[in-house]
Amino acid sequence: MTHNESSAFAEVNQKVAQAGEILGLKAGVVKALSSCEREVVISIPLRRGDDVDVLTGYRVQHSSARGPRKGGIRFHQDVDLDDVRALASLMTWKTALIDVPFGGAKGGVAVDASKLTSIEKEEIIRRWTRSLVHVLGHHRDIPAPDMGTDAKSMAWLMDEFHRLEGFQPACVTGKPVELFGAAGREEATGRGVAMIAAATLKENKVKVEGATVAIQGFGNVGRYAALVCQELGMKVIAISDVSGGIVDKKGIDIKSIFSHKTLEDVQANERIGAAEVLTLECDILIPAALGGVINDSNASNINARFIIEGANQPITIAADRELRTQGVLIVPDILANSGGVMGSYFEWTQNIQEFSWPLEKFRRELDTRMESAFINVHAVSKKHSVDLRTAAFVVAVGRVAEAFELRGSLV
Ligand code: NAD
């Protein structure tokens with residue numbers, strides 16, 4: 001199916017078209033890569049008291065050119081088909097960029113996860129799995145957690161899948177470590193962000209030791225990014241969450257606050273607003289909370305040399321343009337936060353081999369692969385004289401197009 005309307009999916013496809021132009025791809029190939037292979041929409045009846053609510057669920061499979069489709073399942077009230085298409089295609093580009101043998105997919109249910117009981121959540125996940133089992137499987141399409149779902153949800157998904165298809169733990173990733181999950185998967189996205197921050201500093205001849213870092217977000221991505229930045233010798237001078245931010249120019253000891261669920265109850269000399277962290281003077285800024293936080297209203301006040309996109313799409317298109325004019329170097333989300341899907345690949349491969357890696361091996365593999373992905377994107381940006389975001393799409397689209405043509409999909 002192809003879609004031309006102005007939308008989140010159309011925005012991603014603009015980057016695909018730009019990469020196609022740089023690579024000199026055939027128009028038909030670009031068209032194929034801008035379409036989704038399969039879209040399944042389901043209705044999920046949910047018991048509510050003595051009545052029934054009917055939710056809408058999705059699974060969009062964008063591409064299988066480079067391997068089984070891979071992507072999370074999101075429970076959020078704003079989930080719609082266009083969003084799921086955009087996110088599914090971003091997974092194709094992310095998996096190709098970091099060179100893991102997956103394609104791209106995404107799933108979701110339009111529901112406010114914060115208003116669900118645990119039993120309702122389990123019922124929805126099981127129903128979603130039953131309705132989609134024919135398109136899922138460890139060599140077809142492998143879901144993972146996303147907004148509103150977690151390791152526990154993936155355990156229910158795996159269990160439902162096993163009832164229908166038999167034992168196959170690699171059918172889903174992001175599972176609890178105690179149930180075929182992988183040690184290291186939880187920290188993988190944040191760790192990857194920190195490794196990319198270090199690689200960016202090195203590439204730009206800035207000393208990693210003592211480089212200053214400001215981070216928005218103290219959730220899964222932000223807190224692990226902060227911890228690993230500190231371990232690598234950087235100085236985290238500010239961090240914020242939805243409750244506000246804390247600042248210490250001498251460097252915050254992230255280890256000592258790591259166990260706090262939020263920053264609200266952390267002792268600090270200086271407090272700032274949740275968004276103020278974005279405009280502090282620092283070497284590295286890591287937005288790791290929400291999308292669209294760097295926009296027309298604050299782009300001209302950014303005081304960082306480098307921005308590493310921990311969150312998905314934290315910078316609007318207009319702000320991205322303005323920041324590049326100001327000379328700020330931006331490492332795009334599809335590279336910077338790809339440690340999560342890299343970790344999912346490690347979990348999948350361990351499940352298939354029925355063999356567990358020690359945590360150290362997981363970390364070593366992740367660190368090496370993140371760094372080499374960065375070096376490659378950097379080299380491509382120099383070769384074509386383009387920004388890192390465009391270069392990342394050139395690498396990813398080039399790899400998928402090559403696989404697509406080699407498969408003979410045009411005949
Ligand atoms: P999370 O829910 O664990 O944490 C989000 C954090 O953002 C929390 O600390 C929250 O307090 C904070 N926050 C919310 N609103 C805020 C505001 N207005 N100002 C400042 N902070 C605010 O989420 P996460 O898993 O860490 O994901 C963060 C981002 O990274 C999202 O954009 C997500 O799509 C993206 N991402 C996550 C992963 C992953 O593996 N978790 C992988 C790739 C991309």
Side-chain angles (χ1 to χ4, degrees), residues 8 70-76 78-79 83-84 86-87 90-91 93-95 97-98 104 106 108 113-114 143-151 153-154 173-175 181-182 184-194 196 214-228 238-247 254 257-258 260-266 271-280 285-295 297-298 307-315 331-347 366 370:
K70 185 87 191 78
I73 160 166
R74 174 175 291 193
F75 280 9
H76 193 275
D78 295 342
V79 164
D83 249 354
V84 185
L87 293 165
L90 280 175
M91 286 306 298
W93 313 126
K94 209 179 270 194
T95 54
L97 179 64
I98 59 170
K106 200 79 178 188
S114 67
D146 195 77
M147 276 161 69
T149 58
D150 54 16
S153 329
M154 298 307 110
T173 60
K175 302 178 293 291
R185 168 67 179 79
E186 185 184 316
E187 67 181 35
T189 309
R191 186 177 182 87
V193 169
I196 293 286
I215 301 178
Q216 187 191 49
F218 190 58
N220 175 268
V221 182
R223 70 175 58 223
Y224 280 110
L227 185 69
V228 180
I239 186 157
S240 76
D241 69 6
V242 71
S243 71
I246 56 172
V247 182
I254 302 296
I257 64 166
F258 195 79
H260 289 254
K261 280 206 162 61
T262 86
L263 296 167
E264 201 171 8
D265 54 349
V266 169
R271 286 201 162 267
I272 51 169
E276 270 179 82
V277 75
L278 298 170
T279 50
L280 292 181
L285 172 63
I286 303 178
L290 309 168
V293 291
I294 302 176
N295 48 45
S297 72
N298 59 3
I307 301 181
I308 317 292
E309 293 186 332
N312 283 320
Q313 297 173 300
I315 306 178
V331 184
D333 46 9
I334 61 166
L335 173 60
N337 68 29
S338 60
V341 70
M342 182 86 82
S344 274
Y345 165 58
F346 296 161
E347 181 180 332
L366 184 86
M370 292 303 294

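Remember, it's 1-based here, ligands and their atoms both numbered in the order they're listed.
Of all protein heavy atoms, the one lying nearest to atom 43 (C) of ligand 1 is N337 CG, 3.6 Å. At the top of the distance list for atom 33 (C) of ligand 1, counting protein heavy atoms only, stands N312 ND2, 4.1 Å.
Residues satisfying the salt bridge (Lys or Arg N to Asp or Glu O under 4.0 Å) criterion with R223, sequence neighbours excluded, are absent altogether.
Considering both main-chain and side-chain atoms, N220 comes within under 3.5 Å of ligand 1 through a nitrogen or oxygen pair. Remark: ligand 1 and T189 share an N or O pair separated by less than 3.5 Å (distance only, no angle test). For ligand 1, the polar-atom distance check finds an N/O of V221 within less than 3.5 Å of one of the ligand's N/O atoms. Taking only nitrogen or oxygen atoms, main chain and side chain alike, A288 does not reach within less than 3.5 Å of ligand 1. In terms of polar-atom proximity, V242 is counted as a contact of ligand 1, with an N or O under 3.5 Å from an N or O of the ligand. The shortest N or O to N or O distance between R185 and ligand 1 is not below 3.5 Å. Considering backbone and side-chain atoms alike, G219 places an N or O below 3.5 Å from some N or O of ligand 1.
The residue from D241, V277, V293 that puts a heavy atom closest to atom 21 (N) of ligand 1 is D241.
One distance of note links CD1 of I294 with OG1 of T279; it measures 9.5 Å at 0.5 Å rounding. From L335, atom CG reaches atom CD1 of I196 across 4.0 Å, with rounding to the nearest 0.5 Å.
There is no protein heavy atom less than 4.0 angstrom from atom 23 (O) of ligand 1. Less than 4.0 angstrom separates atom 2 (O) of ligand 1 from none of the non-hydrogen atoms of the protein.
The shortest separation from a heavy atom of G310 to ligand 1 is under 4.0 Å, placing the residue in contact.
Counting only distance, with no hydrogens or angles, the side chain of D333 and the backbone of E309 share no donor-acceptor pair below 3.5 Å. The backbone N or O of A274 lies less than 3.5 Å from a partner atom in the side chain of S240, making a donor-acceptor pair. A donor-acceptor pair under 3.5 Å is absent between the side-chain atoms of D241 and the main chain of F218, judged by distance alone. With hydrogens and angles ignored, the 3.5 Å screen pairs a side-chain donor or acceptor of N220 with a backbone N or O of E186. Remark: side-chain polar atoms of N298 are paired, donor with acceptor, to backbone N or O of V293 under 3.5 angstrom. Between the Q216 side chain and the A275 main chain, no donor and acceptor come within less than 3.5 Å of each other.
With ligand atoms numbered from 1 in the order given, ligand 1 contributes 19 (N), 20 (C) to contacts under 4.0 Å with heavy atoms of A274. Ligand-side atoms of ligand 1 in range of L290: 15 (N), 16 (C), 17 (C), 18 (N), range being under 4.0 angstrom from any heavy atom. Of all atoms in ligand 1, listed by their number and element, those nearer than 4.0 Å to a heavy atom of A311 are 29 (C), 30 (O), 32 (O), 35 (C). Each of the following atoms of ligand 1 lies closer than 4.0 Å to a heavy atom of A289: 7 (O), 12 (C), 13 (N), 21 (N), 22 (C), 28 (C), 29 (C), 31 (C), 32 (O).
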Determine, step by step, whether I272 and L280 satisfy the side-chain contact (heavy atoms from CB on, under 4.5 Å) criterion, reporting the C-alpha distance in whole Å, the side-chain angles of both residues, the deciding distance to 0.1 Å, and the verdict. CA-CA 10 Å; I272 51 169; L280 292 181; 4.0 Å; yes
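Using a 4.0 Å cut-off between heavy atoms, Q216 contacts ligand 1 through its side chain alone, with no backbone atom that close.
Using modelled atom types and a 3.5 Å distance limit, the side chains of R74 and T149 yield no donor-acceptor pair.
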